[in-house]
A.B. asks: 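Here you go, one structure.
What you see is a predicted model; the values in this text were computed from it and never measured. Hydrogens, waters and symmetry mates are skipped; everything else that's a heavy atom, side chains included, is used. Lettering follows sequence order; numbering is per chain, from 1.
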2 protein chains.
Amino acid sequence: MAQNKKADFSEIDQEMANFAKALSHPARVAIIKILAAQSSCICGEIVEVLPLAQSTVSQHLKELQLAGLVKGTIDGNKSCYCINWETMQQAIQQFNGLLNTLNDRKTFSCC
Amino acid sequence: MAQNKKADFSEIDQEMANFAKALSHPARVAIIKILAAQSSCICGEIVEVLPLAQSTVSQHLKELQLAGLVKGTIDGNKSCYCINWETMQQAIQQFNGLLNTLNDRKTFSCC
DNA sequence: TCTATTTATCGTATATTTACGATATTAAAT
DNA sequence: ATTTAATATCGTAAATATACGATAAATAGA
């Protein structure tokens, strides 16, 4: 991008955009749902369920971790991933905050 | 991407990822907030407030429109943009649905 | 009518994302 | 000790996203 202008926006808008970006690929949405339902937390089982190569799933997990939505621990030979509740709450609170603003004004629309 | 695997995921996960993608840039978060607060709905005024070129803002507005989160009408010389309530509700319901799943299991975490 | 204003679109350069195979690393199993 | 299994990382190719200036198109205003 010639230049990256993201830094020119407010911290809070950047943060919200980052959370949204973490969820902007169906693989990552699917991973979050798997972890949330706790049908599994082992990397290998997630790989089995998703239509992607092992290295690609690993990459998506890393991105979720980077965004803070997920945390991982090494369990012997395997890797265990879990939802990071604190950050997830924070993220969803921001979306809800937007929803509340919206509900307040819902009655009026100029177009 | 060699190949695009997004279509291999469930409709609902794709839809959620699309909403998230629409909000994955701080400029688009900022635009939604401006429209939600109804401090303005005229394209030109949005351009003035954001640290981006007119053509870039136009592009971001188009993406929000494509995701269904925003609708626009032409008003003489100008363009008016508004939140598309139906779709926005739908988007936020999906995020909330995820939140509810999370709250149910909150007490337990394996890592 | 002619000019200015407003916005969308086109073309394009650069950055980032997505995806995979190959390989490295580490623990488990034999 | 050697082999197998699980996962992360590296390198890389291709697709998308981001950003801008230039230009087109259409209305407003003189």
A.B. asks: Which residue lies toward the 5' end of DNA chain C, Pro51(A) or Asn77(A), if each is placed at its nearest nucleotide?
C.D. replies: Pro51(A)
A.B. asks: Side chains of Thr87(B) and Val70(B), heavy atoms from C-beta outward: is any pair under 4.5 Å?
C.D. replies: no
A.B. asks: Measure CD1/Ile42(A) against P/dA28(C) and give the value in whole Å, please.
C.D. replies: 13 Å
A.B. asks: Tell me whether the OP1 or OP2 atom of dC20(C) has a side-chain N or O from Thr56(A) closer than 4.0 Å.
C.D. replies: yes
A.B. asks: Could you check whether atom NZ of Lys33(A) has more than 12 heavy atoms from other residues, nucleotides or ligands sitting under 6.0 Å from it?
C.D. replies: yes
A.B. asks: Taking the minimum atom-to-atom distance to the side chain of Leu52(A), which one of dT7(D), dA19(D), dC20(C) wins?
C.D. replies: dC20(C)
A.B. asks: Would you indicate what Ile74(A) reaches in the nucleic acid, counting non-hydrogen atoms under 4.0 angstrom: base, sugar-phosphate, or nothing?
C.D. replies: nothing
A.B. asks: Is there a side-chain polar atom (N or O) of Lys21(A) under 4.0 Å from OP1 or OP2 of dT16(C)?
C.D. replies: no
A.B. asks: Between P on dT16(D) and CG on Leu66(B), what's the gap in Å once rounded to a whole number?
C.D. replies: 14 Å
A.B. asks: So, does Lys5(B) get its side chain near the phosphate of dC20(C), meaning an N or O under 4.0 Å from OP1 or OP2?
C.D. replies: yes
A.B. asks: Taking the nucleotide of DNA chain D with the nearest heavy atom to each, does Arg28(B) or Lys62(A) sit closer to the 5' end?
C.D. replies: Lys62(A)
A.B. asks: Could you check whether any side-chain heavy atom of Ile32(B) comes within less than 4.5 Å of a side-chain heavy atom of Met88(B), counting everything from C-beta outward?
C.D. replies: yes
A.B. asks: Treating Gln14(B) as the side-chain partner and Phe9(B) as the backbone partner, does any N or O pair qualify as donor plus acceptor under 3.5 Å?
C.D. replies: yes
A.B. asks: Given atom CG of Leu61(A) and atom P of dA6(D), what is their separation to the nearest angstrom?
C.D. replies: 16 Å
A.B. asks: Would you indicate, yes or no, if dC10(C) has its OP1 or OP2 atom less than 4.0 angstrom from a side-chain nitrogen or oxygen of Ser55(B)?
C.D. replies: no
A.B. asks: For the pair made of NE2 in His25(B) and C1' in dA17(D), what is the distance, rounded to whole Å?
C.D. replies: 9 Å
A.B. asks: Measure from CD on Glu48(A) to P on dT7(D) and round the result to the nearest Å.
C.D. replies: 10 Å
A.B. asks: Starting from C1' on dT23(C), measure out to CD on Gln59(A) and report it in whole angstrom.
C.D. replies: 15 Å
A.B. asks: Check the distance between dC20(C)'s P and Gln54(A)'s CD and give it to me in whole angstrom.
C.D. replies: 11 Å
A.B. asks: Between Tyr81(B) and Ala27(A), who's closer to the 5' end of DNA chain C by nearest nucleotide?
C.D. replies: Tyr81(B)
A.B. asks: Look at the side-chain N and O atoms of Ser58(B) and state whether any lies under 4.0 Å from the OP1 or OP2 oxygen of dT7(C).
C.D. replies: no
A.B. asks: In whole Å, what is the span from the CG atom of Asn4(A) to the C1' atom of dA15(C)?
C.D. replies: 8 Å
A.B. asks: Under a 4.5 Å cut-off applied to non-hydrogen side-chain atoms, are Leu69(A) and Asn84(A) in contact?
C.D. replies: no
